[in-house]
Amino acid sequence: MLVLFSAFGIVLLGAFAQAVSGFGYALLTVPLLAAAIDPRSAVVVSALTSIGLTLTAAVRERAYARWRVAVTLTATALLGVPVGLLVLVYAPQRLLSALIAVVVLGCVVLVASGARMRTGRLGLGAIGVLVGVLTAATGTNGPPLVAAFHSLGYDPRTFRATVAATFAGTGLIGLAGFLLTGQVDAHVTRIALAALPAVPLGWWLGNRLFHRLDPRLFRRIVLVGLLGSAGTALIGLAG
């Protein structure tokens, strides 16, 4: 019962972060859920609870999304998902925790330094492949997208909408991979169902704050959110 209540609170926090910053759901939920259950189950539970959120956000924000970019990233993510599934199924749990920490810290460095990623057709394709690997292996596929869209200079509304559109496509692909490899069992399904009501509540709370943000404050929230996620991932690895 304690695990179920913990999962509800973690998912609530993740949905709130997603609504405010446009990303952060998996970056918060996966490390925290990994501490409550285990890294492999955490990835799957996060995917199961987030799919409705990302699909709904993509539909609602569709007018603001850069769909060509989202489709390119989703299509190339297909190439990376099989590799990510191999890592998820066969890698030791401690290695999965380490991968989560490295991914989050890498994004912190990129955003904090103001570095610009190559976002031409080839650059987006490479980012998409990486997103596919991370979607299946760790569930934390947001960091390369955050860095890429930061480089493209998207305003907060475009940022959030395009991230949602990309998450919706890659989330469906990842979920299909989890089902095909037998990662969705009774244990993770029970936890996901218990936490699912927290998703619309967290989004509603975060969305109220989002519409009051200016772009400069938005960028600070992005960085602070990444720093918090990195700290969570490192704590989980140390444990």
Side-chain angles (χ1 to χ4, degrees), residues 3-54 56-57 96-112 131 134-135 137-147 149-150 159-160 163-164 166-168 170-171 174 188 191-192 194-210 213 218-239:
V3 169
L4 298 182
F5 277 117
S6 298
F8 183 93
I10 291 167
V11 167
L12 180 68
L13 179 63
F16 178 84
Q18 184 82 15
V20 171
S21 67
F23 76 103
Y25 185 85
L27 287 169
L28 288 172
T29 59
V30 172
L32 291 172
L33 286 170
I37 40 179
D38 64 85
R40 191 168 287 110
S41 297
V43 171
V44 182
V45 169
S46 180
L48 288 173
T49 52
S50 69
I51 191 63
L53 173 65
T54 54
T56 301
L96 287 178
S97 296
L99 286 173
I100 293 168
V102 168
V103 168
V104 177
L105 283 172
C107 190
V108 170
V109 172
L110 282 172
V111 176
V131 167
L134 295 175
T135 295
T138 67
T140 53
N141 57 2
L145 295 179
V146 171
F149 296 161
H150 174 73
F159 184 105
R160 189 173 75 160
V163 167
T166 308
F167 279 166
T170 57
V188 298
I191 297 173
L196 197 58
V199 173
L201 176 59
W203 179 269
W204 178 78
L205 291 171
N207 198 48
R208 291 175 64 86
L209 179 60
F210 173 78
L213 296 177
F218 173 77
R219 294 298 180 192
R220 294 193 189 104
I221 289 175
V222 167
L223 184 56
V224 170
L226 285 171
L227 287 170
S229 299
T232 302
L234 288 173
I235 291 171
L237 181 59

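Excluded from the calculations below are hydrogen atoms, water molecules and symmetry mates; all remaining heavy atoms, backbone and side chain alike, are included.
The minimum heavy-atom distance linking Leu53 with Trp203 is given by the pair CD1-CE3, 3.3 Å. Nearest approach of Val131 to Pro144, heavy atoms of both residues: CG2-CG, 3.8 Å. Here the closest non-hydrogen pair linking Ala195 and Ala7 is CB-O, 3.7 Å. Among all heavy-atom pairs drawn from Thr170 and Asn141, the shortest one is OG1-ND2, 3.4 Å. Minimum heavy-atom separation, Val11 to Ala198: CG1-CB, 4.0 Å. Of all non-hydrogen atoms in Pro31 and Ala26, the two that sit nearest each other are CD-O, 3.5 Å.
Looking only at side-chain heavy atoms (C-beta outward), Ile191 and Ser41 stay at 4.5 Å or farther from each other. Looking at heavy atoms from C-beta onward, Val30 lies out of side-chain contact with Tyr25 at the 4.5 angstrom threshold.
Remark: Asp38 CG to Leu33 CG distance equals 10.0 Å, nearest 0.5 Å. Distance check: Gln18 CD to Leu28 CG gives 9.5 Å after rounding to the nearest 0.5 Å. Atoms OG1 and CG, on Thr166 and Leu145 in that order, are 5.5 Å from each other to the nearest 0.5 Å. Between atom CG of residue Leu196 and atom CZ of residue Phe8 there is a gap of 10.0 Å, rounded to the nearest 0.5 Å.
In this structure, the side chain of Thr49 engages the main chain of Val45 through a donor-acceptor pair within 3.5 Å.
A search for side chain to side chain donor-acceptor pair (under 3.5 Å) contacts involving Thr29 returns Ser46, not counting sequence neighbours.
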